[in-house]
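The structure appears below as structure tokens.
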Amino acid sequence: MEYPFEKIEKKWQKIWNDKKIFNAKDNTDKKNYYVLSMFPYPSGALHMGHVSNYSIADAISRYKMMQGYNVMQPMGYDSFGMPAENFAIQHNSHPRITTDNNIAIMRKQFDMMGFGIDWEREVSTCHSDYYRWGQWFFKKMYEKGLAYKKTSFQNWCDDCQTVLANEQVEDGKCWRCSSVVRQKELEQWFFKITDYAEELLDFSGVIDWPERVKTMQTNWIGKSFGTEIWFKLENSKELIKVFTTRPDTIFGCTFMALPPEHPLVTNWLKEESENSKMHQFCDKVMNEDTITRTSEDTTKEGIFTGRFAINPVNGEKVQIWITNYVLMDYGTGAVMAVPAHDQRDFEFAKKYDIPMKIVIQNMEENLVLEEMQKAYTEPGFLVNSGKFDGMESENSMKSISEWMAKNSMGKETVTYRLRDWGVSRQRYWGNPIPIIYCEDCGTVLVPDEDLPIKLPENVELGKTTQNPLLSVDDWVNVKCPNCGKPARRETDTMDTFVDSSWYYARYADPKNDKMPFSKEFADNWLPVDQYIGGIEHAVMHLMYARFFHKFMRDLGMVNSNEPFARLLTQGMVTKDGAKMSKSKGNVVDPQYIIDRYGADTVRVFMLFASPPDKDSEWSDEGVKGAFRFLNRVWRLFDENLDLIKENNETTSRSKAETTEGNSHEFTRKENLAAKEREGTQSKNTVTLSPESSLGKGSGSDLSAEIKKLRYSTHFTIKKVLNDIEERMHFNTAIAAVMEHLNNVYSIKNVDKLNDTEKAIFVESCVAIPHLMYVFAPHLSEELWKMIGKENLLHEAGLPEFNEKYLVQDEITYVIQIMGKVRGKINVSVDATDDEIKKLALEVENVKKLLEGKEIKKMIIVPKKLVSIVAK
RNA sequence: GCGAAAGUGGCGGAGUUGGUAGACGCGCUGGCCUUAGAAGCCAGUGAGAGAAAUCUCGUAGGGGUUCGAGUCCCCUCUUUCGCACCA
């Protein structure tokens, strides 16, 4: 018979909602704890990744509630974005309609899962009461000089018809639709995240983040120390700045490499005829897609400009080449090429027969130019380098940079790989950028009183490949806020990552219509205590949010340096070893599983499958296993209900007394006090002679079996609390409860137990729903009620264990001979080392194996083993 | 190429400081119950040998440290992830 999960789950979801137990309070004596799951994009029904994410978050939330915290677990929707717009185009609908539909479906499923979410704080980024503050933040960025517009080559996705930030290009392809990204010259809005590059490298403000994520962000920001060197253009005053991390090789520079996008090249091209070789080469390179352009395998090509630069350190003329292997947007966008000591320059110089010069000599093996097959990039000592000859290359860098700085040839500098965040998107379904262009006044910010700029709803989508906003005339054409003359709105919308960069703070004060949020409430809740989400956000969302948080701090809106104190990156749910996806046809629909086995089963399975940060493989059989386990728990209580109720009455009555007149407003202190009283009482009733029962075999009226059960109860409580608190390993915590349940079931003759033993048996049963609350809250709550408990489980406090019952009177020692297990002995706890040794040597098998051998050494590891070394 | 993490039965995974490898679950095998099935219950389940006691082998492969290594050190291989013409 299956347990009636459907009835139970509906019942408790209603009770929890009616009692509003998940509504976080803004003012309370309790300590706050903020648990946040990744902002979901409302794609429709929940998928397994969501279910996994929220099951983890809910387990943590409920654990913290039991611990007495005032917990906030909010939820909302990251509801702007291209997929919604594309979906609406395909279905000849409007994204507002499809998005709201999807949200309704998701909301229903959230409720069916029984997640403890504070729905009074729900937000949705496509609602103007949220996105107006995104516009407000844009204005602040602009006012602080952190939002600016520039023309440059941008990552362009033809399929999405929009620009992508560097973080959104994966392997040269669009992160959303995987089509190949190409470069397109456009005027775009940027946020100056590079101003915060240095601070973003500093993770000292977080409490617990995975190293992996920190490393990924650090690599992404890519700080490198080097030298900027200033070359003069021959017969001109113009300077060409280059960046190098190897100033020690400057004397070996024989040519200079520029990308076709370099401003100097652009000027030179103007002097050339349209069909000149230089034009042809530049056009060819610039039209290549990002993958080919930036791949290491691409053949290095270039064209000589006929121009020369002057190496400032020795006055030598170096050829200037336009090449396909230099990136415009790293360093200064120009490279000094040292073919003898850089592999790329080496290949290029060989191909085009450009001179080389050795300036670093190998200590062991003298380098000869004619014999070199590849560049020498190892350390060595300097040659052909004027007054620096003979210095060790690594030591020379500092001296050379300083000398150049003194003589105005360059300066020490730091370069970051991180580039400014391009936030313009040429799409409709996003947050309008609050800018108006006036012919007279130029770029004008939309005044605060005109915010929010609402997205026009009457648009025709999918008619052209252009941004649909361009065709909404009465929206685009406005009066200049400054001079009142006709002007035009900016039609770019903001990247949706802007919306999700501050949503966690909005939850602290979601209904504020004067500010994005008040400082008081933000400081109440921030930083987020525990954030749970996928690793895929490591360098996008998680870095943008850190940037935004620091910006908000600088505006005085928050007083913390980091948005998320602890981060748990949950693993993917895979099926047949691969990520679930529609195209692979391996998607498992959570709804079906909930209908068939219930929400508790889904949660228990998700948490039991593997540690939360690892990928977990979906298994239909595994789900049945989780279901079987919950049924076994149910049956245990069903079969022993009278016994448990009867033995539980005293404790629940005493608990009721202690909390009289205050039955729903539990506080941590009262809770603990009640717990303690209950504890002492049960200590008296449970063991009539607890102390003597620990002694060797006598005076106790408890069977060994029951003592083992009591040990199991207390051990399991200790283990579960530890696994959750210290490691968040829910899988082993659940395994421990399963094991305990097996132990409880091993007591066969419950009727024949004496009263004390019955009390111990009942204690062992009651611990199960108490511990299972965080994993299977519905069933646990039902059992708790069934046995006569009057409070709800989150009010019950964490279960407590008594160390006294973890002390065993006998300990099993393993006997090893030369490291191999040869026997076991049971020894009383207070046996001396000599007694243990003696017992160990009496074991038959040990005697046999030691025959004719000399014992060299005996090692005793307390409470574990005896190791015998013999020859 | 650089950086990081990982590699344990048929499968998912246990194995906090070196101390009984394989907890727990799935699957499988046999049995009970049942008209039958489902569900449930009991027993077994790393490989090999043996009637059994027990023994040998076993944590990607090879070496080392140690009374004792999945765990520590060195080398090799494989997988996953991130970065990748970054000067």
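In what follows, every chain begins at residue 1, and chains take the letters A, B, ... in the order their sequences are listed.
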(message) Just to be sure I understand the rule, does R632(A) reach a base, reach only the sugar-phosphate, or reach nothing, if contact means heavy atoms closer than 4.0 Å?
(response) sugar-phosphate
(message) I'd like to know if K824(A) reaches the base of U20(B) with its side chain such that a donor and an acceptor end up less than 3.5 angstrom apart.
(response) yes
(request) Mark up nucleotides 28-34 of chain B, 5' to 3', with B wherever a protein heavy atom is under 4.0 angstrom from a base atom, S wherever such an atom reaches only the sugar-phosphate, and - elsewhere. (result) -------
(request) Heavy atoms under 4.0 Å is the rule here; annotate nucleotides 48-69 of chain B 5' to 3' with B where the base is hit, S where only the sugar-phosphate is, and - elsewhere. (result) ------SSSS---------BS-
(request) Mark up nucleotides 6-12 of chain B, 5' to 3', with B wherever a protein heavy atom is under 4.0 angstrom from a base atom, S wherever such an atom reaches only the sugar-phosphate, and - elsewhere. (result) ------B
(request) Give G625(A) one of three labels, base, sugar-phosphate or nothing, depending on what nucleic acid heavy atoms sit under 4.0 Å from its own. (result) sugar-phosphate
(request) Report yes if a side-chain nitrogen or oxygen of R628(A) is closer than 4.0 Å to either non-bridging phosphate oxygen (OP1 or OP2) of G40(B); otherwise report no. (result) yes
(request) Answer with yes or no whether the side chains of Q570(A) and D613(A) bring together a donor and an acceptor at under 3.5 Å. (result) no
(message) Regarding K748(A), tell me which of base, sugar-phosphate or nothing describes its non-hydrogen contacts under 4.0 Å with the strands shown.
(response) sugar-phosphate
(request) Taking side chain to side chain contact (heavy atoms under 4.5 Å, CB included) as the test, write out the residues that go with R632(A), two or more places apart. (result) R635(A), L741(A), N742(A), Y745(A)
(request) Tell me whether the guanidinium CZ or amine NZ of R546(A) lies under 6.0 angstrom from the six-membered ring centre of F203(A) and within 45° of its axis. (result) yes
(request) Under 3.5 Å for both distances, Watson-Crick or G-U wobble, that's the pair rule; now give the dot-bracket for RNA chain B, with | marking pairs to another strand and [ ] for crossing ones. (result) (((((((..(((......[....)))((((((.......))))))((((....))))..(((((..]....))))))))))))....
(request) Return the minimal non-hydrogen interatomic distance between A767(A) and T713(A), and the atom names on each side. (result) CB-CG2, 3.9 Å
(request) Summarise how protein sits on nucleotides 81-87 of chain B as a single string, 5' to 3': B when a protein heavy atom is under 4.0 Å from the base, S for sugar-phosphate-only contact, - for no contact. (result) SSSBBBB
